[in-house]
Amino acid sequence: MAAAKNKHAAGRDGGSVRHPPPPQQTLFPEDGVAVGDIQVPPLEPFAPIVMQWQKRAGRHHLPWQGTRDPYRIWLSEIMLQQTQVSAVIGYYQRFLERFPDIRSLAAASQDEVMPYWAGLGYYARARNLHRCAQEIIAHWNGSFPPTAEQISTLPGIGRSTAAAIAAFAYGERSPIMDGNVRRVFCRYFGIDGPTGKTSTEAELWETAERIVAAAPASLDMAAYTQGLMDLGATVCTRGMPDCAACPVNTHCIARQTGRQTELPVPRQKKAVPERHCSMLVLVREGQVLLEQRPSPGIWGGLWSLPQFDDAEALASACEAQGLPAANAQRMAGLLHVFTHFRLHIDPWLLQATVPVLQEAPAGKRWTPLDALDQAALPAPVRKILEGIVSTLR
DNA sequence: GACACGTGGAG
DNA sequence: TCTCCAAGTGT
């Protein structure tokens with residue numbers, strides 16, 4: 001154990017954990033901070049302290065807590081990928097009501113599943129979730145594989161999510177690595193490489209493994225795992241961490257060096273391109289024409305408005321179908337921001353007074369305006385249609 | 001390693 | 001308004 005701890009403390013070739021500067025030197029001479037006072041964080045007590053803190057001061061009443069049902073744990077972990085707790089709670093409860101177990105999910109069609117994910121984002125998660133359910137029914141006799149390594153072979157489940165499921169459902173000692181853990185570790189161990197960089201991520205994973213390896217066999221892995229995330233979410237927060245409330249503050253490198261707001265170091269950001277499109281809101285007899293988005297791709301599997309590069313393309317497509325494009329009214333435009341581009345949307349409302357497109361073309365569907373609640377709409381499309389419905393009323 | 005993939009909350 | 005980024009994974 002001492003060897004492992006020492007190896008970690010010393011930092012490895014190319015790693016960014018720093019050797020403590022020699023004693024008598026000062027890191028910030030103007031502040032008079034004696035570097036000799038800075039201790040390399042000890043590894044062994046970390047996990048037990050976090051575990052005990054979780055039991056005392058962590059979160060215990062989130063909807064997916066208090067169960068060891070892998071299905072519920074899995075669902076929550078997928079929904080929580082890159083998504084804040086507050087956004088997930090409602091979706092989680094509605095989803096479970098409709099699909100209470102893995103068998104009901106596997107038996108459903110993707111079109112039955114997507115409405116329960118619409119608005120949550122990252123729709124490949126829902127498609128993979130559905131595929132995963134069917135795979136578990138078909139190849140794992142309806143129950144989750146017994147180890148994190150096996151769980152991680154399933155669609156939509158990477159190393160961290162697999163570890164979380166195994167830790168919460170089985171108590172397996174596999175570490176997770178998410179935004180919370182990343183922030184806590186970067187600060188506590190003074191890891192200052194850019195997050196996302198391969199070497200930094202490798203160092204973080206290795207740190208996570210060493211902590212678990214150094215912990216006593218009595219460690220409650222579920223509580224430790226939860227505690228790590230609770231710590232990052234409620235104490236070691238991004239903006240202004242509450243170091244006074246932190247159970248591991250004494251050895252935290254960031255706190256000792258006043259670098260709480262510098263760590264973790266974000267990776268450099270790229271310019272976000274702008275895109276434009278026009279969307280057709282074709283209304284006929286209280287119904288609107290929707291078009292299913294191809295997957296993979298943005299909004300894959302959801303039902304959106306027919307989309308065109310610009311107003312001219314929209315108009316010629318209308319005319320080609322015998323629709324009076326000249327009667328289309330331009331509605332208020334809106335800007336929708338994605339991670340990797342910004343989309344300017346110009347919606348055009350066309351109310352057909354005579355029967356048009358009696359049969360919806362392939363990949364399209366007439367949807368009653370009063371059934372949009374249950375439709376799998378992208379967020380901005382829902383916004384557009386809500387505006388239209390209130391206008392027509 | 002780079003990029004695709006959503007949405008909304010916080011500061 | 002604008003930036004950052006949240007219980008990441010797949011290609």
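Numbered from 1 within each chain, the chains take letters A, B, ... in sequence-line order.
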Between CG of L120(A) and P of dG6(B) the distance, given in whole Å, is 11 Å

Looking at R183(A), I'd like to know whether one of its side-chain N or O atoms comes within less than 4.0 Å of OP1 or OP2 on dA6(C).
yes

Measure the distance from CD on Q268(A) to P on dT3(C) and round it to the nearest whole Å.
16 Å

Mind checking P380(A) for me? I need base, sugar-phosphate or nothing, with any heavy atom below 4.0 Å counting as a touch.
sugar-phosphate

Base, sugar-phosphate, or nothing for P296(A), non-hydrogen atoms under 4.0 angstrom?
nothing

Within residues 76-85 of chain A, which residues have any heavy atom lying less than 4.0 Å from an atom of DNA chain C?
E77(A), L80(A), Q81(A), Q82(A), Q84(A), V85(A)

Is T198(A) near enough to dG1(B) that one of its side-chain N or O atoms lies under 4.0 angstrom from OP1 or OP2?
yes

dT7(B), dA7(C), dT9(C): which one has an atom nearest the side-chain heavy atoms of S160(A)?
dT9(C)

Of R342(A) and G156(A), the one whose closest DNA chain C nucleotide lies more 5':
R342(A)

How would you label the contact of Q65(A) with the nucleic acid (heavy atoms, under 4.0 Å): base, sugar-phosphate, or nothing?
nothing

So what does R159(A) hit on the nucleic acid, given a heavy-atom distance under 4.0 Å: a base, only sugar-phosphate, or nothing?
sugar-phosphate

Report the C-alpha distance between Y188(A) and F46(A) in whole Å, list the side-chain angles of each, state the deciding distance to 0.1 Å, and finish with yes or no for ring pair (Phe, Tyr, Trp, His ring centres under 6.0 Å).
CA-CA 10 Å; Y188(A) 186 79; F46(A) 184 89; 4.9 Å; yes

Measure from the side-chain heavy atoms of A233(A) and tell me the nearest of dA10(B), dG6(B), dA7(C).
dA7(C)

Are side-chain N/O atoms of Q287(A) and R284(A) paired as donor and acceptor at under 3.5 Å?
yes

Taking CZ from R131(A) and P from dG10(C), how many angstroms apart are they, rounded to a whole number?
9 Å

Pick base, sugar-phosphate or nothing for L154(A), based on heavy-atom distances below 4.0 Å to the nucleic acid.
sugar-phosphate

Does H340(A) have a side-chain nitrogen or oxygen under 4.0 Å from the phosphate oxygens OP1 or OP2 of dA4(B)?
no

Working to the nearest 0.5 angstrom, can you tell me the gap between Q81(A) CD and D178(A) CG?
10.5 Å

Any K270(A) side-chain nitrogen or oxygen under 4.0 Å from OP1 or OP2 of dC3(B)
yes

Taking atom P of dC4(C) as reference, at what distance in whole Å does atom CE of M240(A) sit?
20 Å

Closest to the R125(A) side chain: dG6(B), dA7(C), dG10(C)?
dG6(B)

If you measure only the distance, is there a donor-acceptor pair under 3.5 Å linking the side chains of R267(A) and T200(A)?
no

Just N and O in the side chain of Y91(A): are any of them under 4.0 Å from OP1 or OP2 of dT7(B)?
no

Looking at every strand, decide which applies to V337(A) at a 4.0 Å heavy-atom threshold: base, sugar-phosphate, or nothing.
base

Does the base of dG9(B) carry an N or O that pairs as donor and acceptor with the side chain of S86(A) under 3.5 Å?
no

Does any donor-acceptor pair link the side chain of R267(A) with the base of dA2(B) at a separation under 3.5 Å?
no

Which part of the nucleic acid, if any, lies within contact of G232(A), taking any heavy atom under 4.0 Å across all strands shown: a base, the sugar-phosphate backbone alone, or nothing?
nothing

With a 4.0 Å cut-off on heavy atoms, is A164(A) in touch with a base, just the backbone sugar-phosphate, or nothing at all?
nothing

Rounding to an integer number of angstrom, what distance separates dC3(B) and dA7(C) when you compare their C1' atoms?
22 Å

Geometric class of the H344(A)/H276(A) ring pair [parallel <30°, tilted 30-60°, perpendicular >60°]:
parallel

Below the 4.0 Å mark, does dA7(C) have OP1 or OP2 next to a side-chain nitrogen or oxygen of W64(A)?
no

May I ask you to verify if any side-chain N or O of H336(A) is less than 4.0 angstrom from the OP1 or OP2 atom of dT7(B)?
yes

Interatomic distance, R182(A) CZ vs dA7(C) P [rounded to whole Å]
10 Å

Where is the tightest heavy-atom contact between P347(A) and I345(A), given as atom of each residue plus distance?
CD-O, 3.5 Å

Going by atom types only, do D111(A) and Q292(A) share a side-chain donor-acceptor pair under 3.5 Å?
yes

Residue-phosphate contact under 4.0 Å: T161(A) side-chain N/O, dT9(C) OP1/OP2
yes

Spacing of the C1' atoms in dG10(C) and dG8(B) (rounded, Å):
24 Å

Nearest-Å distance, CG (L335(A)) to C1' (dC2(C))?
12 Å

Find the distance D178(A):CG to dG8(C):P and express it as a whole number of Å.
5 Å

Per atom distances to the K197(A) side chain, the nearest of dG1(B), dC5(B), dC5(C) is dG1(B)

For atom CZ of F341(A) and atom C1' of dC5(B), their distance in whole Å
9 Å

Classify G179(A) by what it touches in the nucleic acid, base, sugar-phosphate, or nothing, heavy-atom distance under 4.0 Å.
sugar-phosphate

Any side-chain donor near an acceptor of the partner, T147(A) and E149(A), under 3.5 Å
no

Specify whether W117(A) and F95(A) have parallel, tilted or perpendicular ring planes, treating 30° as the upper limit for parallel and 60° as the lower limit for perpendicular.
perpendicular

DNA chain B: G121(A) or G239(A), which has the more 5' nearest nucleotide?
G121(A)

Gap separating the CG atom of L280(A) from the CG atom of L350(A), nearest 0.5 angstrom
6.0 Å

Would you indicate, yes or no, if dT3(C) has its OP1 or OP2 atom less than 4.0 angstrom from a side-chain nitrogen or oxygen of K269(A)?
no

